[in-house]
Trainee: 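Here's a structure for you.
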There are 2 protein chains.
Amino acid sequence: MAIDLIFEALASRPRREILAYLSKQELTAGEIAGRFAMSAPAVSRHLSILETASLVKSERRGQYVYYSLNSDNLVNTLTSFAFEICPRGRPLKRESRQLRAAKHKS
Amino acid sequence: MAIDLIFEALASRPRREILAYLSKQELTAGEIAGRFAMSAPAVSRHLSILETASLVKSERRGQYVYYSLNSDNLVNTLTSFAFEICPRGRPLKRESRQLRAAKHKS
DNA sequence: CAAATAATTAACTAATATGTTAATTGCTTA
DNA sequence: TAAGCAATTAACATATTAGTTAATTATTTG
């Protein structure tokens with residue numbers, strides 16, 4: 001199931017760090033591996049887990065494989081999960097309340 | 001680190017199901033265990049992981065231990081993570097944009 | 001206080017995750 | 001086409017996770 005893959009993928013600090021790097025710019029597998037102490041094959045495995053969860057996508061260009069973020073999928077999953085678990089959650093709900101208030105004001 | 005504990009705790013379907021149950025009402029350890037096929041000790045372990053991540057809290061009342069949700073912590077963590085990773089994320093960003101628009105209108 | 005119920009902790013097993021190095025595949029270019 | 005670099009896959013070792021049953025702790029009540 002999609003949500004299982006996503007939470008499994010997020011349950012790893014190096015994988016979350018990879019997402020953070022990719023949030024700034026696309027990077028090749030090698031550039032990503034260069035930012036970690038672990039071996040390239042280990043990073044490649046992390047990338048494949050992130051890709052299977054469809055949190056990132058990859059594209060080969062010549063010799064290199066470029067990775068980039070699938071940000072919509074991540075945000076959608078996390079927010080819908082948060083809403084489901086805590087229908088009266090704070091920060092999201094606060095935005096909604098302000099939004100309603102602002103609308104009524106006008 | 002807090003975020004590690006939280007994502008680790010969320011990387012388990014039974015634990016996410018426990019959170020969903022607790023989003024409706026507080027429950028005793030036994031009532032929660034009764035909703036799963038696994039043994040009570042296994043559920044107790046899951047509960048302790050959720051509590052260590054401060055996603056739930058527990059309170060003993062006589063013979064029973066009642067569990068309930070710490071929803072603020074969950075929502076705050078997930079949304080701040082989502083913002084950090086995808087600054088231009090869709091659903092959250094849309095709310096913000098609508099909010100800004102509504103404000104400017106008045 | 002003894003018995004019964006709720007819950008957790010202990011001890012153990014099986015499965016899974018994560019890293020390593022070696023081998024393989026894909027692409028470029030001399 | 002052979003050599004070289006990028007990346008992934010294979011094979012393996014180790015650590016962690018998640019479940020089991022048995023034992024223990026806490027609380028109520030006859």
Side-chain angles (χ1 to χ4, degrees), chain A residues 1-22 25-70 74 77, chain B residues 1-22 25-70 74 77:
Chain A
M1 206 158 164
I3 197 164
D4 292 296
L5 292 174
I6 288 173
F7 277 110
E8 187 55 46
L10 294 176
S12 150
R13 178 189 276 271
R15 286 195 291 269
R16 290 194 305 274
E17 285 175 5
I18 290 173
L19 294 178
Y21 284 129
L22 294 180
Q25 55 185 309
E26 68 171 13
L27 292 169
T28 68
E31 288 169 331
I32 296 167
R35 287 162 164 73
F36 289 89
M38 74 185 96
S39 67
V43 172
S44 179
R45 190 82 134 295
H46 284 305
L47 287 168
S48 114
I49 289 169
L50 287 169
E51 188 164 27
T52 299
S54 60
L55 292 175
V56 307
K57 54 183 185 300
S58 70
E59 185 194 346
R60 177 176 277 272
R61 283 182 225 146
Q63 210 171 359
Y64 300 89
V65 176
Y66 284 84
Y67 282 88
S68 58
L69 215 62
N70 257 356
L74 179 87
T77 300
Chain B
M1 206 157 164
I3 198 164
D4 293 295
L5 291 174
I6 287 172
F7 277 110
E8 186 55 47
L10 293 176
S12 152
R13 179 189 277 271
R15 285 196 290 268
R16 290 194 305 273
E17 286 174 5
I18 289 172
L19 293 178
Y21 284 129
L22 293 181
Q25 55 185 309
E26 66 170 15
L27 293 168
T28 68
E31 288 169 332
I32 297 168
R35 287 161 163 77
F36 289 89
M38 73 185 95
S39 67
V43 171
S44 179
R45 191 78 142 288
H46 284 305
L47 287 169
S48 114
I49 289 168
L50 288 169
E51 188 165 26
T52 298
S54 61
L55 291 175
V56 307
K57 56 183 184 298
S58 69
E59 186 193 346
R60 178 175 276 273
R61 283 182 224 146
Q63 209 171 0
Y64 300 90
V65 175
Y66 284 85
Y67 282 88
S68 59
L69 214 61
N70 257 357
L74 179 87
T77 300

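So that the names make sense, note that chain A is the first sequence line, chain B the second, and so on, each numbered from 1.
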Trainee: List the steps, then state whether side chain to side chain contact (heavy atoms under 4.5 Å, CB included) holds for A:E51 with A:Y67.
Mentor: CA-CA 9 Å; A:E51 188 164 27; A:Y67 282 88; 4.1 Å; yes
Trainee: How would nucleotides 24-30 of chain C be written as a contact map, 5' to 3', with B for base contact, S for sugar-phosphate-only contact and - for no contact, using protein heavy atoms under 4.0 Å?
Mentor: --BSS--
Trainee: To the nearest Å, give me how far apart CD (A:E59) and C1' (D:dA6) are.
Mentor: 16 Å
Trainee: Would you mind reading off the distance between A:I49 atom CD1 and D:dT9 atom P, rounded to a whole angstrom?
Mentor: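 Nearest whole value for this atom pair: 12 Å.
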Trainee: A:H46 side chain N/O closer than 4.0 Å to the phosphate oxygens (OP1, OP2) of C:dA17?
Mentor: no
Trainee: Quick check for you: among C:dG19, D:dA7, D:dA18, whose closest atom lies nearest to any side-chain atom of B:R15?
Mentor: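 Comparing C:dG19, D:dA7, D:dA18 against the side chain of B:R15, the answer is D:dA18.
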Trainee: Measure the shortest side-chain to side-chain distance between B:R16 and A:I3 over non-hydrogen atoms and say whether it is less than 4.5 angstrom.
Mentor: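 Yes, at least one pair of side-chain atoms sits under 4.5 Å.
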Trainee: What's the CD1-P distance between B:I18 and C:dA7, to the nearest Å?
Mentor: 13 Å
Trainee: Does the side chain of A:R35 reach to within under 4.5 Å of the side chain of A:L27, using non-hydrogen atoms?
Mentor: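 Yes; the side chains approach each other to less than 4.5 Å.
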Trainee: Run the salt-bridge test on B:E59 and B:R61 with the 4.0 Å N-O cut-off and return the result as yes or no.
Mentor: yes
Trainee: Output yes when at least one side-chain N/O atom of B:Y64 is less than 4.0 Å from OP1 or OP2 of C:dT8, else no.
Mentor: no
Trainee: Flag the pair A:L10 / A:L19 as yes when at least one side-chain heavy-atom distance between them is below 4.5 Å, and no otherwise.
Mentor: yes
Trainee: Could you go through the side chain to side chain contact (heavy atoms under 4.5 Å, CB included) check for A:D4 and B:R13 one step at a time?
Mentor: CA-CA 7 Å; A:D4 292 296; B:R13 179 189 277 271; 2.7 Å; yes
Trainee: Please state how far atom CZ in A:R13 lies from atom C1' in C:dT18, giving the value in whole angstrom units.
Mentor: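 After rounding, the reported distance stands at 16 Å.
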Trainee: Less than 4.0 angstrom between a side-chain N/O of B:S39 and OP1 or OP2 of D:dT20, yes or no?
Mentor: yes
Trainee: Counting the atoms with a prime plus P, OP1 and OP2 as sugar-phosphate, which does B:A29 contact under 4.0 Å by heavy atoms, base, sugar-phosphate, or nothing?
Mentor: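 Here B:A29 touches the backbone only, sparing every base.
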Trainee: Check every atom of D:dA18, D:dA7, C:dA7 against the side chain of B:S12 and return the nucleotide holding the closest atom.
Mentor: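 Looking only at heavy atoms from C-beta outward on B:S12, the closest nucleotide is D:dA18.
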Trainee: Judged by each residue's nearest nucleotide on DNA chain D, which is more toward the 5′ side, A:R45 or A:S58?
Mentor: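 Result: A:S58.
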Trainee: With heavy atoms under 4.0 Å as the rule, sort A:Y66 into base, sugar-phosphate or nothing.
Mentor: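 Counting heavy atoms under 4.0 Å across all strands, no contact is made by A:Y66.
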Trainee: Find the distance between CG (A:L47) and CD1 (A:I32) and round it off to the nearest 0.5 Å.
Mentor: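 One finds 4.5 Å between CG of A:L47 and CD1 of A:I32.
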Trainee: Quick one: pull up NE2 in A:H46 and CD in A:E17 and give me the separation to the nearest 0.5 Å.
Mentor: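 Those atoms lie 10.0 Å apart.
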Trainee: Between B:F7 (CZ) and C:dA17 (C1'), how many Å, whole number?
Mentor: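 The distance from CZ of B:F7 to C1' of C:dA17 comes to 18 Å, rounded to the nearest Å.
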Trainee: Between D:dG19, D:dT21, D:dA7, which nucleotide has the shortest distance from any of its atoms to the side chain of A:T28?
Mentor: D:dA7
Trainee: In whole Å, what is the span from the CD atom of A:E31 to the C1' atom of D:dC5?
Mentor: 14 Å
Trainee: When the distance from CG of A:L47 to P of D:dA7 is rounded to whole Å, what number comes out?
Mentor: 10 Å
Trainee: Heavy atoms from C-beta onward define the side chain here; which of D:dA10, C:dT8, D:dT20 lies closest to that of B:M38?
Mentor: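 Nearest to the side-chain atoms of B:M38, counting from C-beta on, is D:dT20.
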Trainee: Establish, with yes or no, whether the OP1 or OP2 oxygen of D:dA7 is under 4.0 angstrom from a side-chain nitrogen or oxygen of A:S44.
Mentor: no
Trainee: Could you tell me how far apart A:F36 (CZ) and C:dT18 (C1') are, to the nearest whole angstrom?
Mentor: 14 Å
Trainee: Would you mind classifying the nucleic acid contact of B:S48 as base, sugar-phosphate or nothing, using non-hydrogen atoms under 4.0 angstrom?
Mentor: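 No contact at all - B:S48 keeps every heavy atom at 4.0 Å or more from the nucleic acid.
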